[in-house]
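The structure appears right after this line, and notes come after that.
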Amino acid sequence: MNIFAVYKDLVLAQVAALVSEGSLPDGLDTGRLTVEPPRDPSHGDMATNAAMVLAKPAGLKPRDLAERLAARLATISGVTAAEVAGPGFINLRLSAAIWIGCLRDCLRAGPGYGDSRMGNRRKVNVEFVSANPTGPMHVGHARGAVVGDVLAALLEKAGFRVTREYYINDAGAQVDALARAAHARYLQALGRLSDDDLAGMLARKDLEYGGDYLVPVGQALAERVEDQYADAPEAQWLEPVRDLAVEMMLDRIRDDLDALGVRFDVFTSERGLVAAGRVDGTLAWLEEQGLIYTGVLEPPKGKAPEDWEPRPQTLFRATDYGDDVDRPVRKSDGSWTYFAGDMAYHRDKVERGFEELINVFGADHGGYVKRLQAVVKAVSDGRATLDVKLCQLVKLLDRGEPVKMSKRAGTFVTLRDVVDRVGKDVVRFIMLTRKNDASLDFDFAKVTEQSRDNPVWYVQYAHARACSVLRHAGEVFPGRDLSPAALADGPLEVLDAPEDLEVVRVLAGWPRLVESAAEAHEPHRVAYYMAEVAGAFHGLWTKGKDDTELRFLIPEDETRSLARLALVQGVATVIASGLQVFGVQPVEELR
RNA sequence: GCGCCCGUAGCUCAACUGGAUAGAGCAUCCGCCUUCUAAGCGGACGGCUGCAGGUUCAAGUCCUGCCGGGCGCGCCA
């Protein structure tokens, strides 16, 4: 339960009361009315801008309206003070009992605390990773994978029904190039191609993919078909070799994603869409809508492409839906462009009943966003929306020094390398310590360091510390039921110290944070919030060093101890809840 | 040339979709361990939010124009 949403409803009810008594005109827009924690804690527990938002359309002075509304708000149960401040804010102070109630909710809900019905079971489609099946994934893919997976989990927690999808780019020139490289490895496995020959082909760019990861594909081929494809023309082997290579690459990608703790509900094959006639169908439909035509595009200005010459192309009227230019859907050889496949895929998503689509892409796909949004609008008659989260670069470092990566030198760092080196939990958490559109430093030394400036460790330490107190409590109060449920039923009103209540308030903010982060599609906010919880807890801990009254365990005062243990349990619960969204295992003890 | 993203303390970054006096960490300086994990905590220092206008009760946030950085720009995916 989001306590701020609860009080927003109460404020809205009082606004409605002012309307019905004639103090306010009917039909006011309350859409911009907010109830939120003030930045400055001295302003109270909650602040509302109601009077400022409503004053102008109501023809009133903000402060006058604020006074009238504040008088009513002061009568609401749980509100101990409602003061007008600044340009017309109303600051509310809530009784400690309200916050204690939040803590009880938290303990009873466990890691499910913060679950929301905001999404109202609406379907959301999150497409992410969608890495080409032409090789192993690198760290950049890891970021997209984590952002997508955790965004999906966050939306689920906020009450949406989420489908995680991966689009397989298995049509087009890239996978043909993969097939040729796999075939070379096959010849190598048969002993028909020397290492030098292979190196020569790579150097001449006759082969695009030279990584060792294709060696097993070549061997598998050699075992299955022996020398059947050795002297055969490309037309004979390209397809079967390609299919096997793609399948093996996908197996590896799935394994790597699994190691990172990422799973998908749906894999959609581009080739499959084409084969099923979905691309033809989509284009035919668009043509019926008058959205396909043959035309000649202007050259991009200022860029002066040397080989540019005007030629007629089959184009989609993306400009009708906000794109900058119309986009080609067919290549000159008659086959579909990549974009045509993506049009069919997004139409497919819409036809499966999704009206909220999210794609997680690398930042280099930024130029692709508008045309996809245009497609989504076109095929859904404007009902569906597409939000694209562009993930910036991950810079790999070690002790501040950039990790040099080169495919040729074999020093390329794959997703698997990183996961194997620091563990999936660290990778997942660190990937969320920046906004998706900001570049991110991933320093091998720092992310495993046990210090304040390693957010993973800092948060885990808080959780472990909380667990440590709870373990210790079992020894101090043997035989006592210290389960969260039992703690929740205790006389928590004794938590009257401002220092205690401050932490309780932070914990009570979790449901609100879940909703706002989910709405904004910004999972990184959860990381910052967890760091805040950890900081509040570490601070309270240390205060117990100076002031024994603030210690969690006071052997001679069992009542107070149990109440504080409830608070400690609350900290552990909220952190565990946040880590659950992240797909990270909470640590109960530091080694 | 056009489009998208970004520009906030010396450094790395927040800022709850427009709220009050812009916040953390690192670095620097000063404090706190016979007591639940000091692997931590508290305090000080640090700002014309790139620049200039505009919108309004209110702008880091929205609009316009510049400056600077990244990405992209007709049959690659």
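Per chain, numbering begins at 1; letters A, B, ... match sequence-line order.
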Phosphate oxygens OP1/OP2 of [N]: is one of them under 4.0 Å from a side-chain N or O of [X]?
{"X": "A:Arg39", "N": "B:A20", "value": "yes"}
{"X": "A:Lys545", "N": "B:A38", "value": "yes"}
{"X": "A:Tyr458", "N": "B:C41", "value": "yes"}
{"X": "A:Arg371", "N": "B:G3", "value": "no"}
{"X": "A:His524", "N": "B:A15", "value": "yes"}
{"X": "A:Ser468", "N": "B:U37", "value": "yes"}
{"X": "A:Lys370", "N": "B:C73", "value": "no"}

Nearest to the [X] side chain among [options], which nucleotide is it?
{"X": "A:His472", "options": "B:G74, B:C71, B:C36", "answer": "B:C36"}
{"X": "A:Asn132", "options": "B:A20, B:C36, B:A77", "answer": "B:A77"}
{"X": "A:Arg434", "options": "B:U12, B:G74, B:C36", "answer": "B:U12"}
{"X": "A:Glu36", "options": "B:A15, B:U17, B:U35", "answer": "B:U17"}
{"X": "A:Tyr461", "options": "B:U21, B:C26, B:A38", "answer": "B:A38"}
{"X": "A:Arg452", "options": "B:A15, B:C26, B:U35", "answer": "B:C26"}
{"X": "A:Lys435", "options": "B:G74, B:A14, B:C57", "answer": "B:A14"}
{"X": "A:Trp541", "options": "B:A38, B:G19, B:C4", "answer": "B:A38"}
{"X": "A:Glu589", "options": "B:A14, B:C57, B:U37", "answer": "B:U37"}
{"X": "A:Asp453", "options": "B:G19, B:G25, B:A58", "answer": "B:G25"}

Going by the angle between their ring planes, with limits at 30° and 60°, are A:Tyr529 and A:Trp510 parallel, tilted or perpendicular? parallel
State, without any angle test, whether [X] and [Y] hold a side-chain donor-acceptor pair at a distance under 3.5 Å.
{"X": "A:Ser577", "Y": "A:Lys157", "value": "yes"}
{"X": "A:Ser42", "Y": "A:Asp40", "value": "yes"}
{"X": "A:Glu515", "Y": "A:Ser116", "value": "yes"}
{"X": "A:Arg434", "Y": "A:His524", "value": "no"}
{"X": "A:His346", "Y": "A:Asn359", "value": "yes"}

Base B:A20 to side chain A:Asn91, donor-acceptor N/O within 3.5 Å cut-off: yes
With rounding to whole Å, what would you report as the distance between [N] and [M] at their [atom1] atoms?
{"N": "B:G3", "M": "B:U8", "atom1": "P", "result": "23 Å"}
{"N": "B:G69", "M": "B:G50", "atom1": "C1'", "result": "11 Å"}
{"N": "B:G65", "M": "B:C5", "atom1": "P", "result": "14 Å"}
{"N": "B:C48", "M": "B:A59", "atom1": "C1'", "result": "15 Å"}
{"N": "B:C16", "M": "B:A52", "atom1": "P", "result": "24 Å"}
{"N": "B:G60", "M": "B:U21", "atom1": "P", "result": "10 Å"}
{"N": "B:U55", "M": "B:C71", "atom1": "C1'", "result": "31 Å"}
{"N": "B:G31", "M": "B:U12", "atom1": "C1'", "result": "26 Å"}

Could you give me the CA-CA distance, side-chain angles and deciding distance for A:Glu208 and A:Arg180, then say whether salt bridge (charged side-chain N to carboxylate O under 4.0 Å, His left out) is met? CA-CA 8 Å; A:Glu208 193 168 338; A:Arg180 292 186 191 101; over 6 Å; no
Considering every strand and a 4.0 Å limit on heavy-atom distances, what is the contact class for [X]: base, sugar-phosphate, or nothing?
{"X": "A:Ser439", "result": "sugar-phosphate"}
{"X": "A:Pro87", "result": "base"}
{"X": "A:Glu475", "result": "nothing"}
{"X": "A:Phe89", "result": "base"}
{"X": "A:Ala520", "result": "base"}
{"X": "A:Ala85", "result": "base"}

Could you state the atom-to-atom distance from CD of A:Glu298 to C1' of B:G3 in whole Å? 16 Å
Just the rounded figure in Å: distance from C1' of B:G43 to NZ of A:Lys543. 13 Å
For the base of B:G72 and the side-chain ring of A:His365, does the geometry meet a stacking cutoff of under 5.5 Å between centres and under 30° between planes? no
Of A:His538 and A:Glu519, the one whose closest nucleotide on RNA chain B sits nearer the 5' end is A:Glu519
Base of B:C30 relative to its sugar, syn (within 90° of 0) or anti? anti
Does atom CD (A:Glu449) have a neighbourhood of more than 12 heavy atoms from anything else shown, all under 6.0 Å? yes
